[in-house]
Amino acid sequence: MALLEARHLHRHVAGRLLWQRVGFTLEPGQCLLLVGPSGSGKSLLLRALAGLDPLEGGEVTFRGQAQQSWCMPAYRAQVMYLPQRAVLVGETVADALRHPFSLSVHSGLTFPKQDARNLLRDLGRRDDVLEQTTANLSGGEAQLVALTRALLLCPSVLLLDEATSALDVDATHQVEALLRDWVQEGERAVIMVSHDPEQRERLATAVLALGAQ
Ligand SMILES: Nc1ncnc2c1ncn2[C@@H]1O[C@H](COP(=O)(O)OP(=O)(O)OP(=O)(O)O)[C@@H](O)[C@H]1O
């Protein structure tokens with residue numbers, strides 16, 4: 001069964017039609033790259049898929065069930081959106097990674113500290129990264145911590161808004177490798193906004209284009 005499906009989506013902003021007749025089927029193992037010029041509405045589409053903005057028209061289903069019929073916190077725990085600018089709650093990286101595990105929607109999960117360390121190591125971070133102060137992280141480091149936090153929460157679909165935009169080449173390749181492995185390890189898939197045509201070549205199993213290309 002498809003993980004996420006969208007049919008006939010459309011969206012206006014301030015009277016301007018941003019996109020229409022948007023549709024796709026996201027199967028397990030897929031990495032769908034969402035492309036389009038700045039302002040074409042890529043972030044707004046991810047937000048709609050995450051259930052953060054109401055659907056203006058059309059339908060989104062997750063595991064065959066309409067988005068509106070899901071309990072929203074449970075839906076968003078499974079169809080997880082990472083904004084372009086990471087928001088980290090907590091004084092240290094460990095605190096920020098642990099924080100969502102205190103929320104009732106994740107009450108069945110325990111913070112896996114060693115997995116966190118391993119993931120961050122795979123992403124090229126130093127061994128003392130968990131003790132680092134979140135306020136002092138660079139934009140790229142914050143992106144990596146936010147991605148790690150998301151992966152630790154075991155979603156089914158990751159909606160990534162330019163998750164590598166602040167990263168150097170090595171870290172970008174490490175994230176891509178991690179995502180490629182992650183989608184193969186279970187019933188999982190990724191939708192990622194990207195402005196990089198080479199990243200599209202390396203990572204995409206499918207491409208969805210918004211606006212003029
Ligand atoms: N809450 C809002 N109210 C009004 N207009 C908005 C709102 N959010 C976004 N927009 C507008 O909608 C358009 C699409 O925004 P969006 O952030 O989705 O674009 P994008 O394709 O992700 O751009 P970029 O590649 O630059 O990140 C932009 O013109 C933006 O100014």
Side-chain angles (χ1 to χ4, degrees), residues 3-26 30-62 67-68 72-73 75-76 78-89 123 137-151 155-169 171-176 178-179 183 189-213:
L3 282 175
L4 197 67
E5 278 192 278
R7 278 189 290 272
H8 307 299
L9 301 185
H10 64 88
R11 175 74 198 244
H12 290 82
V13 162
R16 178 168 66 100
L17 180 66
L18 270 184
W19 28 262
Q20 63 180 337
R21 292 193 291 274
V22 170
F24 62 83
T25 300
L26 188 71
Q30 276 200 300
C31 199
L32 173 71
L33 260 67
L34 180 55
V35 305
S38 292
S40 56
K42 302 179 296 297
S43 297
L44 289 178
L45 178 56
L46 286 194
R47 289 183 56 85
L49 296 174
L52 292 166
D53 293 341
L55 294 177
E56 195 182 296
E59 189 184 29
V60 172
T61 57
F62 172 58
Q67 187 191 65
Q68 298 92 314
M72 264 303 138
Y75 176 88
R76 291 194 196 111
Q78 286 298 305
V79 183
M80 195 175 284
Y81 170 65
L82 266 74
Q84 214 166 327
R85 283 183 211 88
V87 180
L88 301 174
V89 179
L123 292 171
L137 296 176
S138 71
E141 288 171 328
Q143 278 189 328
L144 294 173
V145 172
L147 178 62
T148 299
R149 180 183 57 188
L151 292 170
S156 299
V157 177
L158 271 179
L159 305 173
L160 304 176
D161 201 343
E162 299 190 45
T164 57
S165 60
L167 300 181
D168 61 56
V169 173
T172 297
H173 288 179
Q174 282 162 334
V175 166
E176 291 170 3
L178 194 73
L179 292 176
V183 296
V190 168
I191 301 179
M192 177 159 146
V193 172
S194 176
H195 283 287
D196 179 357
E198 292 176 12
Q199 183 165 59
R200 216 176 302 173
E201 290 301 314
R202 291 191 300 266
L203 196 58
T205 59
V207 173
L208 178 64
L210 295 185
Q213 284 293 289

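Indexing begins at 1, ligand by ligand and atom by atom, following the structure's order.
Of all protein heavy atoms, the one lying nearest to atom 29 (O) of ligand 1 is Arg16 NH2, 2.9 Å. For atom 13 (C) of ligand 1, the nearest protein heavy atom (residue, atom name, distance) is Gly39 O, 3.6 Å. Protein heavy atom in closest approach to atom 21 (O) of ligand 1: Lys42 NZ, 2.7 Å. Shortest contact from atom 27 (O) of ligand 1 to any protein heavy atom: Glu162 OE2, 3.5 Å. The closest protein non-hydrogen atom to atom 5 (N) of ligand 1 is Val13 CG1, 3.0 Å.
Within the listing of ligand 1, atoms 14 (C), 16 (P), 18 (O), 19 (O), 20 (P), 21 (O) sit less than 4.0 angstrom from a heavy atom of Gly41. Close contacts of ligand 1 with His195, meaning ligand atoms under 4.0 Å from a residue heavy atom, involve 25 (O). Near Gln84, with a cut-off below 4.0 Å to any heavy atom, the atoms of ligand 1 are 27 (O).
Side-chain N or O atoms of Gln30 include none that pairs as donor or acceptor with a backbone N or O of Ala206 at under 3.5 Å. Between the Lys42 side chain and the Gly36 main chain, a donor and an acceptor come within less than 3.5 Å of each other. Looking only at distances, no side-chain donor or acceptor of Trp19 sits under 3.5 Å from a matching main-chain atom of Gly211. Using a distance-only test at 3.5 Å, with no hydrogens or angles considered, a donor-acceptor pair links the side chain of Glu141 to the main chain of Ser138.
Nearest to atom 22 (O) of ligand 1 by heavy-atom distance, out of Pro37, Ser194, Ser43, is Ser43. Of the candidates Leu45, Asp161, Leu44, the one placing a heavy atom closest to atom 15 (O) of ligand 1 is Leu44. Taking each of Ser165, Ala48, Ser38 in turn, the one with a heavy atom nearest to atom 26 (O) of ligand 1 proves to be Ser38.
For Tyr81, the ring pair (Phe, Tyr, Trp, His ring centres under 6.0 Å) criterion is met by no residue, not counting sequence neighbours.
For the side chain to side chain contact (heavy atoms under 4.5 Å, CB included) criterion with Leu208, the lone passing option out of Leu33, Leu45, Leu26 is Leu45.
Checking Glu56 against His12 by side-chain atom types alone, a donor-acceptor pair falls below 3.5 Å. Residues Gln67 and Thr61 have side chains that never bring a donor and an acceptor to within less than 3.5 angstrom of each other.
In this structure, atom 2 (C) of ligand 1 has its sub-4.0 angstrom surroundings free of protein heavy atoms. Protein heavy atoms all stay at least 4.0 Å away from atom 31 (O) of ligand 1.
Residue contacts with ligand 1: Arg47 is excluded, as none of its non-hydrogen atoms falls under 4.0 Å. Residue contact annotation: Ala14 has no non-hydrogen atom under 4.0 Å from ligand 1. Proximity of Gly36 to ligand 1 is not established, as no heavy-atom distance is less than 4.0 Å.
Annotation for His8: atom NE2 does not count as buried by contact number, only 12 or fewer foreign heavy atoms lying within 6.0 Å.
The distance from atom OG1 of Thr148 to atom CG of Leu123, rounded to the nearest 0.5 Å, is 5.0 Å.
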